[in-house]
Visitor: 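Structure incoming, see below.
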Amino acid sequence: MRWTQAFIPTMREAPADAEAPSHQLLLRAGYIRQVAAGLYAHLFLARKSLLKISQIIREEMNRIGAQEFYLPALNPAELWKETGRWDQVDVIFKFKDRNAHDLCLGITHEEEMTNIARQELHSYKQLPQIWYQIQEKFRDEPRPKSGLLRLRQFLMKDSYSFDLDEAGLDVSYQKHYDAYCRIFDRCGLKYQVAEAYSGMMGGSYSHEFMAPTDAGEDLIAVSDCGYAANLEKAQSKAPPVEDPPGEGAPEAFPTPSQKTIEQLVAFTGESPARMIKTLDYMVESKPVVILLRGDHTLSETKLAMALGTGVFRPATPEEAFALHHAHLGSLGPVNLRGVRILADSALAGRRDMMTGANQDDTHLRHVTPGRDFEAEYHDVRVVAEGDLCMRCGKPLRVVKTMELGHVFKLGRKYSEAMGARVLDETGKEVTLVMGSYGIGLERILSAAAEQNHDQDGLFLPRPIAPFEAIITAANMDDAAVREAGEKIYREAQTQAVDALFDDRPERPGVKFKDADLIGAPYRVTVGKKRLEQGMVEIFQRSTRQARPVRLEHAVGALKEELDRGC
RNA sequence: CGGGGCGUGGCGCAGUCUGGUAGCGCGCUUGCCUUGGGCGCAAGAGGUCCCCGGUUCGAAUCCGGGCGCCCCGACCA
């Protein structure tokens, strides 16, 4: 492609709305333009890159025997009512057609795929099946953000596996896991596979493929031993805390206006790890007291697991007062009767701690869990940086990441609800066991941009860069330079190098700046001085290393560099 | 949905408090000049000041209502 014929609207300045580096640079480099919140037009460069990404995905899916489908994005409500998701999922775009028939735009396609499965799969002999598509998905997100990171319409590769039993699902799941690793490897991304929270569907199991980047919106805990998990699910051992040997009974002491842990730390000089934080929740309309170490944070996701229900909310100050006869800031578990008390496991075995006295402006010291109050112990805290790995005991790191893909063992949730059954070899009717597996295509591009940029622009991994190289003729008015550029461009085409020839009559500075911006991993620079020696330059964008090569070897040398991987 | 910010030419912004002919930089067009890091000179084009209503002789500016976008939080099948 010649730049004079390409539509690559680069911008010197990023629109003020863009904050994340990937967002700013994809706009500045002319990849995308915003249409509305969470909706972006993919221009030439974005489309080109996304087509390369989808081709990689397609190849790896096909390699595990998956079959590509293409289903409508527009779907009738009936199927979604069958599984209950019509009412349960609040991000569905719903509307009526001219006949007042309920329709929605697909957020994923479990229902539609399962519908096909139940109509067409009748025998174990037809199993296993893996069906996938690369299709638009629509979600009425409360808050779209960060350019292509959280969109209302986006491209997703979603696949669905249908097996006779769990053992079959394990195989389909593992195939996907391996395919996903190959896909993200081939896309040149740094990523981490993390165990993921799998909701309240017992026995389910999932992994997320996470790209470390500051623009991400998920936190994962990572250990040197290979353990990694989303913070929603991650478990850890809290580093041990030295408690004093004191065996004294709880003793009240005045703490005027000391309400927060922070204030109490300043007031008493004790560390927050020596304090018990008391939180009240209303769980299905009944109060539950939750205890945490002062420096720990409650995980509502884990709380839901521990309680076996998601129906809860923090108690109001009035509800808390009714229970403790004290205001927030002085709550504690000692002498509380007739209420369920749930303590984080990090409190087990501790002694001589400090907590609220259930009397305003008063706290208790010498409080020992198990002696001074009884509680059920559960893991309900969010892993903190520095907590110890449950497996290897080494400190965990907390890393900010972007979710690229998710593989999920669904089990029989959809097949059961929709009656997708086949006959097994004994003639018995069995419900299909399903998995579902997603990849966000725009997120691959965003993550690649986040992981491969500097102030001047992008340098995307070769397999997903819109162009593998840009040929920059420094001065198109110089006949020798122009012709050398043309020659390299022609040869690149012959050699199947996907190159952009910058043949614009611009000043060199403009062309270099644009070349730095748009994400090609290499630049071949043709300039007057070197050309007089019969030389041009191969410039690696990521390292900014330039090396001279003979004009006639330029494309060969470029190919070598490209093939070496970048 | 709660909190905050913003809306003026394609992009970045000033002007709004204190009402009086709509400005600057970049970009764009044309000509000259220049040609290895967004060069210089000159002449131009381009704006419903987010929308609706009100106040006023007069509204980008004041008042009321609405819409849109961004950020933080909540949420995220």
Side-chain angles (χ1 to χ4, degrees), chain A residues 9-20 23-24 27-28 30 33-40 80 83-93 104-111 137-147 149-152 154 156 158 196-201 204 206 208 215-218 230 232 300-301 310 313-314 402-403 406 408 410 413-414 417 436 438 440 455-457 472-482 502 504-517 523-532 535-537 539 544 546 548:
Chain A
T10 59
M11 287 187 289
R12 190 189 290 240
E13 289 174 287
D17 280 349
E19 210 156 87
H23 187 195
Q24 294 189 349
L27 282 167
R28 283 190 53 208
R33 286 295 181 263
Q34 185 172 30
V35 174
L39 299 174
Y40 284 84
W80 292 74
T83 61
R85 290 214 291 176
W86 180 265
D87 294 312
Q88 286 162 16
V89 180
D90 72 340
V91 294
I92 303 177
F93 277 108
C104 67
L105 295 171
I107 54 167
T108 56
H109 281 75
E110 277 82 359
E111 279 79 358
K137 294 287 183 283
F138 299 85
R139 296 182 190 183
D140 192 0
E141 288 284 349
R143 183 147 97 85
K145 58 177 277 196
S146 303
L149 188 54
R150 200 195 301 191
L151 296 161
R152 292 196 292 175
F154 57 98
M156 182 186 238
D158 49 317
Y197 172 61
S198 40
M200 245 156 294
M201 296 175 279
S204 278
S206 78
E208 290 169 328
E217 37 184 15
D218 283 289
N230 195 300
E232 289 180 334
E300 291 202 346
T301 311
R313 59 169 173 82
M402 181 189 301
E403 181 183 355
H406 202 153
F408 200 91
L410 286 178
K413 179 178 173 179
Y414 295 88
S436 90
Q455 282 208 319
D456 293 322
T472 300
N475 178 3
M476 287 300 285
D477 286 341
D478 184 302
V481 167
R482 187 178 64 235
D502 189 351
R504 295 174 301 170
E506 293 285 351
R507 293 177 55 81
V510 174
K511 301 176 94 166
F512 291 141
K513 286 291 183 191
D514 276 346
D516 286 349
L517 230 198
R523 183 181 85 204
V524 180
T525 318
V526 187
K528 192 173 168 200
K529 257 211 184 115
R530 282 216 192 273
L531 194 58
E532 281 165 5
M535 309 289 280
V536 297
E537 253 169 31
F539 174 86
R544 295 192 166 280

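Below, chains carry the letters A, B, ... as their sequence lines are ordered, and counting in each starts from 1.
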Visitor: Applying a 4.0 Å non-hydrogen cut-off, can you work out what A:T472 is touching in the nucleic acid: base, sugar-phosphate, or nothing?
Guide: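 Since no nucleic acid heavy atom lies under 4.0 Å of A:T472, the category is nothing.
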Visitor: Base, sugar-phosphate, or nothing: which does A:K145 touch, judged by heavy atoms less than 4.0 Å apart?
Guide: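 Since only primed, P, OP1 and OP2 atoms lie under 4.0 Å of A:K145, the category is sugar-phosphate.
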Visitor: When all nucleic acid strands are considered with a 4.0 Å heavy-atom cut-off, which category describes A:D477: base, sugar-phosphate, or nothing?
Guide: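 It contacts base atoms.
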Visitor: Over all strands shown, is A:V510 touching base, sugar-phosphate only, or nothing at heavy-atom distances under 4.0 angstrom?
Guide: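 Base contact - A:V510 has a heavy atom under 4.0 Å of at least one base atom.
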Visitor: Would you say that more than 12 heavy atoms from the other residues, nucleotides or ligands in this model lie under 6.0 Å from the NZ of A:K528, or not?
Guide: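 Open: at most 12 neighbouring heavy atoms sit under 6.0 Å from NZ of A:K528.
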Visitor: From C-beta outward on A:F512, which listed nucleotide comes closest to its side chain: B:G38, B:G36, B:C72?
Guide: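 The closest nucleotide is B:G36.
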Visitor: Taking for each residue the nucleotide of RNA chain B bearing the nearest heavy atom, is the 5' side occupied by A:T108 or by A:A37?
Guide: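 This one resolves to A:A37.
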Visitor: Could you check how far CZ of A:F539 sits from C1' of B:G37, rounded to whole Å?
Guide: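 To the nearest whole Å, that distance equals 10 Å.
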Visitor: Starting from C1' on B:U35, measure out to NZ on A:K513 and report it in whole angstrom.
Guide: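 It works out to 17 Å between those atoms.
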Visitor: When the distance from CZ of A:R33 to P of B:C69 is rounded to whole Å, what number comes out?
Guide: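 Interatomic distance, CZ of A:R33 to P of B:C69: 18 Å.
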Visitor: Using only side-chain N and O atoms of A:Q34, determine if any of them is under 4.0 Å from OP1 or OP2 of B:G68.
Guide: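 No, A:Q34 has no side-chain N/O under 4.0 Å of OP1/OP2 on B:G68.
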Visitor: Provide the distance between the two C1' atoms, one in B:G4 and one in B:G47, to the nearest whole Å.
Guide: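 Straight-line distance between the two C1' atoms is 29 Å.
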Visitor: Provide the distance between the two C1' atoms, one in B:C63 and one in B:C24, to the nearest whole Å.
Guide: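 Approximately 30 Å lies between the C1' atom of B:C63 and that of B:C24.
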Visitor: Please give, in whole Å, the distance from B:C76 C1' to A:D90 CG?
Guide: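 So the two atoms are 8 Å apart, to the nearest Å.
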Visitor: Taking atom P in both B:G20 and B:G2, compute the distance separating them and give it to the nearest angstrom.
Guide: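 Result for the P pair: 36 Å, nearest Å.
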Visitor: Evaluate A:D514 against A:T10 for side-chain hydrogen bond (donor to acceptor under 3.5 Å, both in side chains), listing each step before the verdict.
Guide: CA-CA 7 Å; A:D514 276 346; A:T10 59; 3.0 Å; yes
Visitor: Does A:Q455 CD have over 12 foreign heavy atoms under 6.0 Å away?
Guide: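 No.
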Visitor: Side chain of A:S146 only, please: which of B:G37, B:C71, B:G36 is the nearest?
Guide: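 Closest nucleotide to the A:S146 side chain: B:C71.
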Visitor: Would you mind classifying the nucleic acid contact of A:N475 as base, sugar-phosphate or nothing, using non-hydrogen atoms under 4.0 angstrom?
Guide: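 The answer is base, as A:N475 lies within the cut-off (heavy atoms under 4.0 Å) of a base atom.
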Visitor: Students often get this wrong, so: under 4.0 angstrom with heavy atoms, is A:A14 touching a base, only sugar-phosphate, or nothing?
Guide: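 A:A14: backbone/sugar contact only, no base atoms under 4.0 Å.
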Visitor: Tell me which nucleotide, if any, is Watson-Crick or G-U wobble paired with B:G2 when both distances must be under 3.5 Å.
Guide: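 Its partner is B:C72.
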Visitor: What contact category does A:R28 fall into here, base, sugar-phosphate, or nothing, at under 4.0 angstrom with non-hydrogen atoms?
Guide: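 It contacts base atoms.
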Visitor: Would you call A:K137 and A:D158 a salt bridge, using N to O less than 4.0 angstrom?
Guide: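 Between A:D158 and A:K137 there is a salt bridge, with a charged N closer than 4.0 Å to a carboxylate O.
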Visitor: Check side chain to side chain donor-acceptor pair (under 3.5 Å) between A:Q24 and all other residues, then give those that pass, not counting sequence neighbours.
Guide: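 A:Q24 satisfies side chain to side chain donor-acceptor pair (under 3.5 Å) with no other residue.
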Visitor: For B:A42, what is the paired nucleotide under Watson-Crick or G-U wobble rules, both distances under 3.5 Å?
Guide: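 Checking every strand shown, B:A42 finds its partner in B:U30, with both distances under 3.5 Å.
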Visitor: Nearest of B:G36, B:U35, B:G25 to any side-chain atom of A:R507?
Guide: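 Nearest listed nucleotide: B:U35.
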Visitor: Give the rounded distance in Å between these two atoms: CG of A:L149 and P of B:C70.
Guide: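 The answer, rounded to whole Å, is 13 Å.
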Visitor: I want to check one thing: is the phosphate of B:G27, taken as OP1 and OP2, less than 4.0 Å away from some side-chain N or O of A:R12?
Guide: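 So the side chain of A:R12 is within the cut-off, an N or O lying under 4.0 Å from OP1 or OP2 of B:G27.
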Visitor: Among B:U34, B:C13, B:G36, find the nucleotide with the atom closest to the side chain of A:A16.
Guide: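 Comparing B:U34, B:C13, B:G36 against the side chain of A:A16, the answer is B:C13.
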Visitor: Measure from CE on A:M11 to P on B:C26 and round the result to the nearest Å.
Guide: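 It is 18 Å, rounded to the nearest whole Å.
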Visitor: Hey, is A:R150 close enough to A:E141 for a salt bridge, meaning N to O under 4.0 Å?
Guide: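 Looking at A:R150 and A:E141, the cut-off is met.
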Visitor: In whole Å, I'd like the distance from the NZ atom of A:K511 to the P atom of B:U34.
Guide: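 Atom-to-atom, A:K511 to B:U34, this comes out as 18 Å.
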Visitor: In whole Å, measure the gap between the P atoms of B:G27 and B:C70 for me.
Guide: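 After rounding to an integer number of Å, I get 28 Å for this pair.
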Visitor: Testing A:E403, A:H23, A:M402 for side-chain contact (heavy atoms from CB on, under 4.5 Å) with A:L149, which one passes?
Guide: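 When side-chain contact (heavy atoms from CB on, under 4.5 Å) is applied between A:L149 and each of A:E403, A:H23, A:M402, only A:M402 qualifies.
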Visitor: Roughly how far apart, to the nearest Å, are B:C1 and B:A74 at atom C1'?
Guide: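 Between the two C1' atoms, the distance is 8 Å.
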Visitor: Report the distance from atom CG of A:D140 to atom C1' of B:C1, rounded to the nearest whole Å.
Guide: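 Rounding to the nearest Å, CG of A:D140 and C1' of B:C1 are 13 Å apart.
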Visitor: Please report the distance separating the P of B:G12 from the corresponding atom of B:C6, rounded so that it comes out in whole Å.
Guide: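 Their P atoms lie roughly 15 Å apart.
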Visitor: I'd like the C1' distance from B:G58 over to B:C41, given in whole Å.
Guide: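 Here B:C41 and B:G58 have their C1' atoms 41 Å from each other.
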Visitor: Please figure out whether A:I107 or A:E19 has its closest RNA chain B nucleotide nearer the 5' end.
Guide: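 Nearest nucleotide further toward 5': that of A:E19.
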Visitor: Which whole number of Å gives the distance between the C1' atom of B:C13 and that of B:C32?
Guide: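 Roughly 31 Å separates the two C1' atoms.
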Visitor: Identify which nucleotide among B:C13, B:G25, B:A74 has an atom closest to any side-chain atom of A:R143, counting heavy atoms from C-beta outward.
Guide: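 Between B:C13, B:G25, B:A74, the one nearest the side chain of A:R143 would be B:A74.
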Visitor: Looking at every strand, decide which applies to A:E537 at a 4.0 Å heavy-atom threshold: base, sugar-phosphate, or nothing.
Guide: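 Counting heavy atoms under 4.0 Å across all strands, the contact made by A:E537 includes a base.
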Visitor: Mind checking if A:P15 touches a base, just sugar-phosphate, or nothing, with heavy atoms under 4.0 Å?
Guide: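 If one applies the 4.0 Å heavy-atom cut-off, A:P15 turns out to touch the sugar-phosphate alone, with no base involved.
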Visitor: Going through the distances and angles, do A:R530 and A:E537 end up as a side-chain contact (heavy atoms from CB on, under 4.5 Å)?
Guide: CA-CA 8 Å; A:R530 282 216 192 273; A:E537 253 169 31; 2.7 Å; yes
Visitor: Please name the nucleotide paired to B:G20 by Watson-Crick or G-U wobble geometry with both distances under 3.5 Å, or report none.
Guide: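 Paired with B:C57.
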Visitor: Of all the nucleotides listed (B:C76, B:G12, B:C69), which has the minimum atom distance to the side chain of A:R150?
Guide: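 Closest nucleotide among those given: B:C76.
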